Amino acid sequence: MRVAIVAGEASGDLLGADLLTALRQRVPQLTAEGVTGPALRAAGCSSLEDMQSLAVMGITEVMGELPRLLALRKRLLEHWRAEPPDVFIGIDAPDFNLGLERRLKRHGVRTVHYVSPTVWAWRPGRVKTIARAADLLLCLFPFEPEYFRETGPKAIYVGHPFAAQMAAVPGRADCRLALGIHPEAEVLAVLPGSRMGEIRALGPLLIEAMTELKRRRPALEFAVPAANERVGAAFGDLLQGRELAQDVKLVSGRMREVVRSADAALVTSGTATLETMLLGTPFLVAYRASPVTEWLLRGLGLLKIQHVALPNILAARAVAPELLQGDAEPASLAGAAYQLLVRPHLAREQREVFGPLAAQLDQPSGEIAARAVLDLCAAG
């Protein structure tokens, strides 16, 4: 069995690795290739391109990279037309993957899209686009399959593999020991994102907020997990020459251990908010899109949801504070993080809401997804 995979970012890389591992348990001779990150490569997927090629944020930012992205998609399409896989699995990155899936489907390749595009948040018309592109849709959240029941592809709720993975992360004391963090230290984890665009847009803002927090709580320490070497180097450059740098532990990878070890977290919006929830660490969210992106989403009424953090969407209310766009200022971020650190009941309230949500997401996702993919291949 030959599998083609395209993962668009760090979270998709982990999802793909989980699925590929489950597939290989059932089909030991399986081979896989595609656009990968370190997790997929470790799971035995040959890399045609590194996933950093797809790591572009925001509508206006994508426009500048569009010629390169289209050229990459054309190369992949030509490669898999010449050597068709048994199944193509596009993981997230819908603006890139759905077009590739649609074209491969026309050439007789079975297609799977893993992670439902957020049709419940914006651009609901994409349901028809997804139906034309994918034979099978693997959904992470229980409310999603209903959106595709009438006109979409076959949609299956698989749960979220991160739920089981986070439960397996060692406890706070063990994580602190492994990271060299003092057992009694007060620590704020700061998650700046996995894309270079996020570091450029949010990095200076986060560092100013950290500086303000340090002024309020002199003993506070910071731990920053870098998703990759480029992100780590870029964030380190922003810290250069600042007194704050001596109180910042910049860690290569190990995001889950960092978050588990922290008293609270300051998280840029994205899948990291879900991971932080599943790790049981109270958090707040910061994010800024470009002004043009914000106008397109909100000014034109394209955005259909009130909250942006996945845990808040699942809870249907703002349990974790969201400071977005103009509200994401250093003083306001520092103030919200300060409240989480000094008012224990705020952390307790978050955990009481997020615990049941984590339990609901805790399904054997890789196994469910692998079985669905193999059923699709067998039916063809």
Side-chain angles (χ1 to χ4, degrees), residues 1-55 76 85-94 96-97 100-101 111-116 136-141 156-170 191 194-195 225-229 231 252-260 270-272 274-276 278-279 310 361-374 376-377:
M1 181 177 181
R2 185 162 170 264
V3 178
I5 299 178
V6 171
E9 58 181 51
S11 59
D13 185 41
L14 294 169
L15 290 170
D18 181 64
L19 172 54
L20 185 56
T21 299
L23 281 170
R24 187 165 276 123
Q25 288 173 350
R26 289 160 176 76
V27 187
Q29 302 307 311
L30 175 149
T31 62
E33 64 177 10
V35 178
T36 68
L40 267 169
R41 291 192 289 271
C45 187
S46 299
S47 187
L48 301 176
E49 186 85 19
D50 190 274
M51 69 180 186
Q52 285 299 311
S53 297
L54 299 184
L76 293 172
D86 294 291
V87 63
F88 172 82
I89 303 171
I91 307 174
D92 213 354
F96 185 91
N97 275 327
L100 186 54
E101 289 162 24
T111 56
V112 178
H113 194 81
Y114 196 173
V115 182
S116 170
L136 173 66
L137 179 65
L138 303 174
C139 301
L140 301 182
F141 303 115
I156 296 175
Y157 168 56
V158 302
H160 207 302
F162 286 2
Q165 292 170 20
M166 300 306 155
V169 175
L191 280 59
S194 60
R195 302 181 179 104
N228 52 62
E229 289 184 6
V231 165
S252 178
R254 306 178 74 173
M255 173 269 192
R256 296 171 179 182
E257 291 172 275
V258 168
V259 172
R260 181 81 91 189
T271 306
L274 183 69
E275 293 180 85
T276 303
L278 293 169
L279 287 162
L310 284 168
L361 296 177
D362 191 3
Q363 307 289 328
S365 304
E367 295 178 15
I368 297 171
R371 188 163 55 246
V373 170
L374 293 175
L376 172 67
C377 292

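Basis for what follows: all heavy atoms, side chains included, without hydrogens, waters or symmetry-related copies. Note that the structure is a prediction, hence the values are computed from the model and not measured.
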Is the shortest side-chain heavy-atom distance between Q165 and D18 below 4.5 Å? yes

Approximate separation, where rounding is to 0.5 Å, of D13 CG and N228 CG: 11.0 Å

Nearest heavy-atom approach of P225 to G253 is CB-O, 3.5 Å

If you round to the nearest 0.5 Å, how far is CG of L136 from NE2 of H113? 11.0 Å

Please report the interatomic distance CD1(I5) to CG(L40), rounded to the nearest 0.5 Å. 5.0 Å

Could you tell me which non-hydrogen atom of G8 sits nearest to which non-hydrogen atom of A93, and how far apart they are? CA-CB, 4.0 Å

Chi angles and distances behind the side-chain contact (heavy atoms from CB on, under 4.5 Å) call for T271, E9: CA-CA 10 Å; T271 306; E9 58 181 51; 4.2 Å; yes

Heavy-atom side-chain contact between T276 and M255 under 4.5 Å: yes

Would the distance check show the side chain of R24 and the main-chain N or O of L30 forming a donor-acceptor pair, the cut-off being under 3.5 Å? yes

Atom pair CG (L374) and CZ (R371), whose distance is rounded to the nearest 0.5 Å: 9.5 Å

On a heavy-atom basis, which atom in S365 and which in P161 lie closest, and how many Å separate them? OG-N, 3.1 Å

With distance as the sole test, does D362 use its side chain to make a donor-acceptor pair with the main-chain N or O of A163 at under 3.5 Å? no

Start with the C-alpha distance between F88 and V6, add both sets of side-chain angles, then the distance that settles side-chain contact (heavy atoms from CB on, under 4.5 Å), and finish with yes or no. CA-CA 8 Å; F88 172 82; V6 171; 3.7 Å; yes

Under 4.5 Å between any side-chain heavy atoms of V35 and F96, yes or no? no

Quick one: pull up CG in L20 and OG1 in T31 and give me the separation to the nearest 0.5 Å. 9.5 Å

Hey, does L140 have a side-chain heavy atom less than 4.5 Å from the side chain of F162? no

Calculate, to the nearest 0.5 Å, the distance between atoms CE and CG belonging to M51 and D92 respectively. 11.5 Å

If you apply the rule side-chain contact (heavy atoms from CB on, under 4.5 Å), what do you find for L361 with L274, and how did you get there? CA-CA 11 Å; L361 296 177; L274 183 69; 3.9 Å; yes

Please confirm whether the backbone N or O of R2 pairs with a side-chain atom of D86, one donor and one acceptor, at under 3.5 Å? yes

A side-chain contact here means heavy atoms from C-beta on lying under 4.5 Å apart; do L15 and H160 qualify? yes

Minimum heavy-atom separation for A372 and L138, please, with both atom names. CB-CD2, 4.2 Å

Side chains of E275 and V259: does their closest heavy-atom pair fall under 4.5 Å? no

Would you find a donor on one side and an acceptor on the other, under 3.5 Å apart, between the side chain of R41 and the backbone of T36? yes

Check whether any side-chain heavy atom of R260 lies under 4.5 Å from a side-chain heavy atom of P170, and answer yes or no. no

Non-hydrogen atoms of L14 and A39 that approach each other most closely: CD2-CB, 3.8 Å

